[in-house]
*Asks:* 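Below you'll find the structure I mean.
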Amino acid sequence: MKKIIANKEIDVNEEGYLTDFNQWDREVGECIAGDCDIKLTDRHWEVIDYLHDRHHKDEPLSIRGIKKSGVIDVKEFYNLFPGGPLKKATLIAGIPKPKSCI
Amino acid sequence: MSTKVKKMLFILSKATIENAYAAFVMANGARMEGIESEIFFTFFGLEAVQKKKLDHLHVATVGNPAMHIPTMLGGLPGMEALATTMMKKEMEKLDMPPIGEFLEILSDSGCKLWACKLAVDMFHLKREDLIDELDGILTIGDFYSRADQEGCQLLFI
């Protein structure tokens, strides 16, 4: 389905996740974050860069991966993206929701 | 939505590795979905939060039909250790953290970890025998009072 995000027509699935990463840019990310009541700071962007890097390398995301990332610890991750951190962070980053249970 | 689960409380009463992981995966999964979670460790479940024991939890090879080995064989010395090593290897492949690391993740994610007072007394344990991440030692009454809100579910494992 199509959704207008940051004045652009974007393809998303029923949960709002982007289905085509090429349509993502920082403005789109900021707009989605705003919908989640999150104001993106440099720290958020560092995490989003990390998530993009993992995604482009086809490496699965997990909370353990976050712990080992060296970018951020679990506690801060939860503080930055309250209410389901990996779900929210991937939504904002324009990449698929992780399928892992861990 | 009024029906949404807001809080999950787990009671872990067993020390087999598969039960500990069941509680941990569900408690962590709740936090990852933005749901509050807490674990109450009681009776043998306390082994999962004892510094000296948490790295040595085993799979039960006796009385467990899903092992698909004869019960007599499951009782042989070393069988539990062997089955546990095999299971840990498989879990590592799925990026499942070992018990100690999992407890750190849970604690950092805001999952509260409680020890049961009655069981702590029964096994003559001291606070220092238990992991630093533990949030406290509670009676079952204290624990129930933490469940006193809408959208809360209790699960016994």
*Asks:* Any side-chain heavy atom of A/Ile63 within less than 4.5 Å of one from B/Asn28?
*Replies:*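 Yes, side chains in contact.
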
*Asks:* Just wondering, do A/Arg64 and B/Met96 contact through their side chains at under 4.5 Å, heavy atoms?
*Replies:*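 No, their side chains stay 4.5 Å or more apart.
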
*Asks:* Side-chain heavy atoms under 4.5 angstrom apart, residues restricted to Ile, Leu, Val, Met, Phe, Trp, Tyr: same cluster for B/Phe44 and B/Trp114?
*Replies:*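 No, no single cluster joins them.
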
*Asks:* Are B/Ile140 and B/Leu125 connected into the same hydrophobic cluster when the rule is that any two of I, L, V, M, F, W, Y join if their side-chain heavy atoms are below 4.5 Å apart?
*Replies:*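 No, no single cluster joins them.
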
*Asks:* Using a cut-off of 6.0 Å, state whether more than 12 heavy atoms not belonging to A/Met1 lie near its atom CE.
*Replies:*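 Buried by this count: over 12 neighbours within 6.0 Å.
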
*Asks:* To the closest 0.5 Å, what do you measure between CD (A/Glu76) and CG (B/Asp108)?
*Replies:*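 Output value for this atom pair is 11.5 Å.
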
*Asks:* Step through the shown structure and confirm whether more than 12 heavy atoms of other residues, nucleotides or ligands are within 6.0 Å of OH on B/Tyr144.
*Replies:*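 Not more than 12 within 6.0 Å, no.
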
*Asks:* Atom CG of residue position A/Asn7 - does it have more than 12 heavy atoms of other residues, nucleotides or ligands inside 6.0 Å?
*Replies:*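 Result for CG/A/Asn7: open.
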
*Asks:* From A/Lys75 NZ over to B/Ser107 OG, what is the distance, rounded to the nearest 0.5 angstrom?
*Replies:*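 Reported value, rounded in 0.5 Å steps: 6.0 Å.
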
*Asks:* Would you indicate whether the side-chain heavy atoms of A/Lys87 and B/Met32 approach each other to under 4.5 Å?
*Replies:*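 They are not in side-chain contact.
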
*Asks:* Kindly work out whether a path of hydrophobic side-chain contacts (I/L/V/M/F/W/Y, heavy atoms less than 4.5 Å apart) joins B/Leu134 to B/Leu57.
*Replies:*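 In one cluster with B/Leu134: B/Leu57, yes.
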
*Asks:* Same cluster or not: are B/Met86 and B/Met67 linked, directly or through other Ile, Leu, Val, Met, Phe, Trp or Tyr residues, by side-chain heavy atoms under 4.5 angstrom apart?
*Replies:*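 Both belong to a single hydrophobic cluster.
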
*Asks:* So what's closer than 4.5 Å to chain B heavy atoms on A/Lys68: side chain, backbone, both or neither?
*Replies:*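 Side chain only.
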
*Asks:* Taking NZ in A/Lys3 as the centre, count heavy atoms belonging to other residues, nucleotides or ligands within less than 6.0 Å. Is the count above 12?
*Replies:*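 Counting other residues, nucleotides and ligands, NZ of A/Lys3 stays at 12 neighbours or fewer.
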
*Asks:* Do A/Asp73 and B/Glu104 have side chains that approach each other closer than 4.5 Å (heavy atoms only, starting at C-beta)?
*Replies:*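 The answer is no; the side chains never approach within 4.5 Å.
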
*Asks:* Less than 4.0 Å between a side-chain N and a carboxylate O, is that true for A/Lys97 and B/Glu33?
*Replies:*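 Result for this pair is no, no salt bridge flagged.
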
*Asks:* Kindly give the heavy-atom pair with the smallest separation between A/Ser62 and B/Asp95, and that separation in Å.
*Replies:*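 Looking at all heavy atoms of both residues, the closest pair is OG-OD2, 3.2 Å.
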
*Asks:* With a 4.5 angstrom heavy-atom cut-off, could you sort out which part of B/Phe102 is near chain A: side chain, backbone, both or neither?
*Replies:*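 Contact with chain A: side chain only.
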
*Asks:* Out of curiosity, B/Ile105 CD1 to A/Phe77 CZ, how far, rounded to the nearest 0.5 Å?
*Replies:*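 Between B/Ile105 CD1 and A/Phe77 CZ, I get 11.5 Å after rounding to 0.5 Å.
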
